[in-house]
Amino acid sequence: MNERYLKITEKLKKNELIIHDGAIGTELQKRGIEMDGSWCGTASLQDNILKQVHTDYIHAGSQIITTNTYASSRIMLKSAGFEKRFEEVNLKAVDSALKAREETGYKDVIVAGSISHRYPIADGDTKSNASIQVSKLELQDATEEMALLLTNNGCDVILLEMMYRPERMKIIFNIVKKLNIPIWVCFSCRESDKGEILSLTDETVVPFSEMIEISKEYNFDGWGIMHTSENILGECIKMIKTNFNGPILAYPDTGGWISPNWIFDTVIEPEKFKEKAKGWFELGAQIIGGCCGTSPDHIRALSTLK
C-alpha cells in the first residue's frame, strides 16, 4: 500500500465519506467522442478530452478517479480492430488520470485501475453478443495483461467493475489475487419480478447471494455495488454489509442503454442523487460516486454531503 491509499484507509476508519468519481465512458460520449465496437475503449486515444474529464471530476470533489480501462481489454479492442494497439490505448488511459492528478495539484487523489469481464455488445442491443465466443484462456490472458499494465504504471488500487457473471468472476478473481496491490470488487445487480436481488445477467437466474459467496473466498479490500439501479442500491448495500466488514462502495447508473450509446433522457437530477446518497451512507457505504449517466454535476452535489 502506498501513502495515498493509507490516507484513504485512515479516513475510512474514521467513518468519513469518500467521494468517488462519476461516469467516464458516457461522459466521453457527451463530449462528442464517437463510441465504437469497444464502446469507450479507444476513446483514450483522445487523451486531452479524457484528461479533462478526470480534471473536472477532481475539481468537483472526487477523491478517487477511475482509469478509462473498463472497456479496453484486448478482447474489447479486438472488436474495434485495435487489439494491436492495446498498450498505446491503455497507457494513455492511465497517463490521463495521472496527469490530471498532477496538474490539478490534488496529490492525495487515488487512481483506481479498472478491470472488467465485459465482452462486446452489438450495435442496437442491450447485452453481450451471444455469438461472440471467448475462451477461458483468452479471458485469463487478457485479464493478466491488463492487471500488469495497471499495477506497473502507477495505479493505487485495482477496481473490478461490473462483476456479475460467476464463471467469468472466478477467472478474474484468481488472476488478481496474485497482485501486490489493494483490490476492490464491485457487483452489478437487477431486481426480479418477484423482488429478488439477482445478478445483472438475464440469460440465467443468478442470485446476488451466490456472487457474494464466491467473493467471500477471496481477501478483497473493498466490496461495492455499481452499474445498478439506484432503486435497489440500498438493499444491495445491506446484503454486502451482512457478509463483509470492510469499506463498501456505491455508484449506481442512471438513464438507459442501447449499444453503443447511453441514453440520458431519464438521468436523475444531481440534488435528488445527493439525497439518495445520504441514505446509502447511512446504510454503510462510505465510498460513493456514480456510474453510467452521471456527470461532474452529480459529484459536485455529492461533495456537499461532507
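All heavy atoms count here, side chains included; hydrogens, waters and symmetry mates do not.
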One pair to check against salt bridge (Lys or Arg N to Asp or Glu O under 4.0 Å): Asp297 and Arg300. What are the steps and the verdict?
CA-CA 5 Å; Asp297 288 338; Arg300 194 170 292 107; 2.8 Å; yes
Where do His20 and Leu302 land on the side chain to side chain contact (heavy atoms under 4.5 Å, CB included) test, with the steps shown first?
CA-CA 9 Å; His20 209 301; Leu302 283 183; over 6 Å; no
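Residues Asp108 and Lys11 are not paired through a salt bridge, judged by the lack of any N-O separation under 4.0 Å between the basic side chain and the carboxylate. A salt bridge links Arg31 to Glu27: at least one charged side-chain nitrogen sits closer than 4.0 Å to a carboxylate oxygen.
Ring centers of Trp280 and Phe273: under 6.0 Å apart, within the cut-off.
Side-chain contact check for Ser72 and Asn90: at least one donor-acceptor pair (N or O, by modelled atom type) lies under 3.5 Å. Neither side chain, Asp47 nor Ser96, offers a donor N or O lying under 3.5 Å from an acceptor on the other. Checked by atom type, the side-chain pair Gln52/Asp56 shows a donor-acceptor distance below 3.5 Å.
In this structure, Thr228 contributes its side chain and Cys189 its backbone to a donor-acceptor pair below 3.5 Å. A donor-acceptor pair under 3.5 Å is absent between the side-chain atoms of Ser38 and the main chain of Met76, judged by distance alone. Side chain of Ser199 to backbone of Pro207: no donor-acceptor contact under 3.5 angstrom is found.
A continuous path of ILVMFWY side-chain contacts below 4.5 Å connects Tyr251 to Val53, so both sit in one hydrophobic cluster.
For Glu87, the CD atom is loosely surrounded, since the number of other residues' heavy atoms within 6.0 Å does not exceed 12. For Lys274, the NZ atom sits in a packed shell: over 12 heavy atoms of surrounding residues, nucleotides or ligands are nearer than 6.0 Å.
Contact annotation: the side chain of Arg4 never approaches that of Lys7 to less than 4.5 Å [non-hydrogen atoms, C-beta and beyond].
Under the 30°/60° scheme for interplanar angles, the aromatic rings of Trp257 and Trp39 are found to stand perpendicular.
Closest of all the heavy-atom pairs between Pro166 and Glu210 is CG-OE2, 3.9 Å.
Taken to the nearest 0.5 Å, the CZ atom of Arg190 stands 7.5 Å off from the CG atom of Leu200.
Cation-pi geometry between Arg168 and Tyr119 is met: the NZ or CZ atom falls under 6.0 Å from the ring centre, inside 45° of the normal.
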